[in-house]
Amino acid sequence: MGEKEIASSHEDQPQGSSVLATYFNIVCLTAGVGILGLPQSVAQGGWVSILFIVVSAIMSIYTSLLLIQCLYAPKDRKLHTYPEIGYEAFGSIGQYTIQTCHYTILLGMATLCILLSGKNLVAILGALGWKVKLEIMIVISGLLIGIPYCLLRTIKEFVWMAVFGVLTTVGTLIIVVVFALVELPLVSPSLAIKEDVVWGGLPTSLAVFSLAYAGNIVHPHFEGAMKSPKKWPTALFLGLGTVCSLYILMGIVGYYVYGNSAEEIILDNLKAVIPANISRGLITVHVLMTGPILLCSFGVEIEDKFGISSGTMGTYKTTFSRIISRAVTIVILTIIAMVIPYFMAIMGIIGSFFNCLNLFHFPIFCHVKLFGLRGRSLLEYTVMTVTLVVATICFFWGGYGSIASMVDAVKGSK
């Protein structure tokens, strides 16, 4: 990955986050609602697609390491954000291109958190016999995400939310795995058809799994908040390694039990209503924990850009300005979640294109521009080539699938 090592210019920060705290941030941000759709993704490609989960994890670890190395490319200073890397590598074009993708994904995913938690709350309360309007639950979700976002300042202050978010994901996984295996004798073999390879579905499966580790847009903030930034690779390996293990377990058990009949959300396959609703509640809590973490990185970057800091404005004025700016952001995102039709489908299209660029293409392009292409090992050339080929397939195939889903959503509403 070039001659420059990540640890070469790191300085410890006594008040920074530990490796364990960073680990929880990575797992919480990466392993969320998408884990419930993994069995269907395995069904699309067959048993062989389980390998894609591992390959995608390796690719994501590799590009994240490249991304963090780019922060240390200048000899006289350290960069702090993804857009800054774009500027250092390709000037204003690089900065604005990455900034557009970066902020669109951050704000779009945060809006999805508000929308998804609102829909889940409606479903949970509906199962209890309470009918509530979606708009009300979206507003409540916006408040639940907005309060910690406005009151807490930096990533390291959100670690308790990350811990809770990880526990809810693990709890959901345990419930699904246990009750799926319990229900195995009740599943008709004619419905639970399992295949080693489904050639027609392999590209779709690959596209889904490749984007299952999206989240590197926040990694510069995670690394920058660490007490010992040189230990970033350890936190990254442990974090994405854990996510990979969770994905494999969910994918194998879900596909083994339900086969090709696996639903888009595996909870819909469970015949046990109470465990399914508990799982929906847990995953909703996870979504509510993830939203503020996503928004924090956006808030910090905007505040730095406009000089909202105690060094320039004083403590009280800074706190007031920060709370107001973040509250305005939450209000806007909540309104978007309520009024824009087909928002999930729209974000599916945007995410398919922008996440591919953010996760795979941009880190490699920036690293090659900043450190050069020569002098790398044969292994790295191989990993880099495979990553770019796979990322390009995912860019076009995933984008095509997302557009098709959008068309189906529009037709289905008519």
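A search for ring-ring contact (aromatic ring centres under 6.0 Å, His included) contacts involving Phe179 returns nothing, not counting sequence neighbours.
Electrostatic pairing of Lys78 and Glu223 counts as a salt bridge here, judged by a charged N lying under 4.0 Å from a carboxylate O.
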Trace of the side-chain hydrogen bond (donor to acceptor under 3.5 Å, both in side chains) decision for Tyr62 with Glu380
CA-CA 9 Å; Tyr62 170 65; Glu380 184 174 3; 3.0 Å; yes
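A distance-only check finds no donor-acceptor pair linking the side chain of His286 to the backbone of Thr168 [under 3.5 Å]. Within the 3.5 Å criterion, the main-chain N or O of Tyr149 finds no donor-acceptor partner in the side chain of Arg153. Counting only distance, with no hydrogens or angles, the side chain of Ser56 and the backbone of Ile53 share no donor-acceptor pair below 3.5 Å. Using modelled atom types, no side-chain atom of Asn216 and backbone atom of Leu67 make a donor-acceptor pair closer than 3.5 Å.
Ring planes of Tyr103 and Phe298: perpendicular class, angle over 60° (limits at 30 and 60°).
A 6.0 Å sphere centred on CG of Leu20 holds more than 12 heavy atoms belonging to other residues, nucleotides or ligands.
At a threshold of 4.5 Å between non-hydrogen side-chain atoms, the residues His367 and Met384 do not count as touching. In this structure, Ile248 and Leu38 have side chains that are not in contact, with every pair of non-hydrogen atoms separated by 4.5 Å or more. Between Thr104 and Ile350 there is a side-chain heavy-atom pair separated by less than 4.5 Å. For the pair Gln44 and Val198, the minimum side-chain heavy-atom distance is 4.5 Å or more. Residues Leu206 and Ser49 have side chains not in contact (no heavy-atom distance under 4.5 Å, counting atoms from C-beta outward). Two residues are said to be in side-chain contact when any heavy atoms from C-beta on lie closer than 4.5 Å; Lys131 and Val122 fail this criterion. Inter-residue side-chain proximity for Leu270 and Leu267 is flagged as met; some heavy-atom pair is nearer than 4.5 Å.
Neither side chain, Glu263 nor Tyr258, offers a donor N or O lying under 3.5 Å from an acceptor on the other. Donor-acceptor pairing under 3.5 Å is recorded for the side chains of Thr242 and Tyr23. For Trp232 and Thr22, the side-chain atoms include no donor-acceptor pair closer than 3.5 Å.
In this structure, Tyr213 has its ring center closer than 6.0 angstrom to the ring center of Tyr247.
To the nearest 0.5 Å, atom OG1 of residue Thr387 and atom CG of residue Leu66 are 8.5 Å apart.
Listed by first then second residue, pairs satisfying side-chain hydrogen bond (donor to acceptor under 3.5 Å, both in side chains) with a partner in residues 79-101 read Arg77-Glu88, not counting sequence neighbours. Annotation: side-chain hydrogen bond (donor to acceptor under 3.5 Å, both in side chains) contacts involving residues 321-339, sequence neighbours excluded, comprise Glu303-Arg326.
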